[in-house]
Amino acid sequence: AAQELKVKNKIIKTKRDAEEKTKSEKREIERKEKLAIENAKRKEILDEFTPLFKEMLSKTWSSNISEAKYFLHVGKTNSGKTYNAVKRLKEVGSGAYFAPLRLLAWEVYDKLNSEGYRCNLITGEEQIESKNAQYTSSTIEMANFSKEHEVVVIDEAFMIGDNDRGKSWLNAILNIKSKEIHIITNEEALSVISKLLSETNREFEVKKYEMLQKFKFSETHFSFNETMPKKGIFITFSRINVLINKMKLENLGYKVSVLYGNLPPEVKKKQIEDFISGETDMLVSTDVIGMGINVPCDYIVFIEIEKY
């Protein structure tokens with residue numbers, strides 16, 4: 001009877017895994033179809049507005065002659081893009097770093113100061129000035145366009161395509177005053193940014209990076225249980241789901257950190273520090289964690305795979 005039960009459970013598991021695989025394949029087909037439609041719409045818009053865009057460039061930013069040398073740091077997550085750009089910032093002795101998030105600006109500000117590089121922090125919510133600071137870390141909307149910089153690092157430049165905030169990256173890339181401008185982006189945004197620089201007669205060099213550590217995808221179904229290894233990050237797409245899954249994990253006996261957009265930067269920083277140090281076992285986060293935040297972990301679980 002025990003052997004029969006074991007065989008039956010194995011059959012059920014195999015059937016469940018097959019159904020899950022079928023669902024996953026169907027979702028992937030739907031995702032690709034949706035992406036193809038979106039890309040076709042983008043191409044149609046691009047074809048319609050490209051002449052107007054070129055005319056705008058020629059009348060505005062093309063006339064703003066820049067002698068800056070641009071460096072495009074291109075690669076996937078965990079490939080060393082930001083590390084190398086910030087390393088150059090430190091080598092020169094002064095400059096600015098522009099981030100999409102307060103937390104990311106805070107992270108670079110904290111790192112520079114801890115290594116002995118005096119750095120200011122400027123975001124929409126706070127300003128922390130260090131005496132005789134040679135560096136400034138800020139959110140991109142707070143970029144200083146009147147100051148002459150030695151080196152500038154513009155992070156997460158794929159955001160240039162964002163409907164609401166993209167203009168801030170466009171403005172920083174073309175109008176910031178600096179001898180060197182280091183732009184950090186992914187492969188998907190490279191063609192847009194390189195075309196923008198070419199159309200405005202900017203000199204640039206592309207540096208490509210490979211992932212330092214490859215991902216291994218699980219082949220089995222994942223479920224919450226009391227034997228899950230620690231150092232896991234769980235991704236969902238809303239604050240309420242972050243809090244719900246935090247409670248689920250705590251009910252299983254785990255200590256949990258959380259991250260979502262509306263948390264104050266000092267609270268986010270403490271949540272990350274607790275997870276990295278081992279004060280907490282798991283981290284539940286929205287996709288805010290994808291904006292270049294450095295959080296080492298052993299595995300990642302996507303509780304949801306579609307944001308909208």
Side-chain angles (χ1 to χ4, degrees), residues 57 61-62 64-101 103-112 114-115 117 119 134-140 143-145 147-162 165-215 289-296:
L57 287 175
W61 290 298
S62 290
N64 179 16
I65 298 173
S66 172
E67 295 182 358
K69 179 66 183 293
Y70 288 78
F71 297 89
L72 275 58
H73 300 263
V74 183
K76 297 183 183 296
T77 299
N78 190 35
S79 59
K81 307 185 301 294
T82 304
Y83 171 83
N84 282 284
V86 174
K87 180 182 177 183
R88 177 57 182 162
L89 186 67
K90 292 187 288 187
E91 288 173 352
V92 172
S94 67
Y97 169 85
F98 302 136
L101 300 173
L103 181 59
L104 200 49
W106 183 289
E107 186 178 286
V108 171
Y109 156 80
D110 188 54
K111 183 174 180 60
L112 288 175
S114 67
E115 293 178 355
Y117 302 94
C119 181
Q134 296 298 311
Y135 298 92
T136 297
S137 181
S138 75
T139 46
I140 195 157
N144 186 344
F145 291 93
K147 183 177 180 180
E148 296 275 355
H149 301 281
E150 290 293 322
V151 173
V152 159
V153 175
I154 302 173
D155 208 349
E156 306 293 356
F158 69 88
M159 287 288 291
I160 195 171
D162 186 83
R165 300 180 65 200
K167 58 183 179 295
S168 297
W169 275 265
L170 178 64
N171 199 19
I173 289 171
L174 296 181
N175 285 333
I176 203 70
K177 297 175 182 176
S178 181
K179 294 178 181 178
E180 287 184 24
I181 299 175
H182 293 257
I183 300 172
I184 302 169
T185 189
N186 54 20
E187 191 76 37
E188 290 77 4
L190 174 60
S191 61
V192 173
I193 295 172
S194 59
K195 186 174 180 62
L196 175 66
L197 296 176
S198 297
E199 292 288 347
T200 53
N201 301 314
R202 314 291 167 121
E203 181 186 355
F204 65 93
E205 175 184 336
V206 178
K207 297 185 176 185
K208 292 194 174 185
Y209 300 83
E210 296 294 329
M211 288 185 70
L212 300 176
Q213 184 176 356
K214 301 294 184 181
F215 288 119
I289 199 171
M291 288 287 190
I293 299 170
N294 184 27
V295 189

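The structure displayed is predicted, hence computed values, not measured ones.
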Does some side-chain heavy atom of Leu89 sit less than 4.5 Å from a side-chain heavy atom of His182?
-> no
Pair Glu107 + Lys111: basic N to acidic O under 4.0 Å | no
Rounded to the nearest 0.5 Å, the CG atom of Leu170 sits from the CG atom of Asp162 at a distance of 12.5 Å
State whether the side chain of Asp110 and the backbone N or O of Trp106 hold a donor-acceptor pair below 3.5 Å, judged by distance alone.
-> no
Flag if over 12 foreign heavy atoms under 6.0 Å of CD, Glu210 | no
Single hit among His73, Lys76, Lys81 for side-chain hydrogen bond (donor to acceptor under 3.5 Å, both in side chains) with Tyr209 | His73
At their closest point, which heavy atom of Leu196 faces which heavy atom of Thr200, and how far apart are they?
-> O-OG1, 2.8 Å
Looking at Glu150, Glu205, Glu180, which hits salt bridge (Lys or Arg N to Asp or Glu O under 4.0 Å) with Lys69?
-> Glu205
Determine whether Leu197 and Leu72 make a side-chain contact, defined as any pair of heavy atoms from C-beta on separated by less than 4.5 Å.
-> yes
Note, Leu174 side chain near Arg202 side chain (heavy atom, < 4.5 Å) | yes
Shortest non-hydrogen separation from Ala85 to Val153 and the atoms involved = O-CG2, 3.7 Å
Which of these passes side chain to side chain contact (heavy atoms under 4.5 Å, CB included) with Val74: Asn186, Ile193, Leu190?
-> Leu190
Would you confirm whether Tyr135, through its side chain, and Tyr97, through its main-chain N or O, come within 3.5 Å as a donor-acceptor pair?
-> no
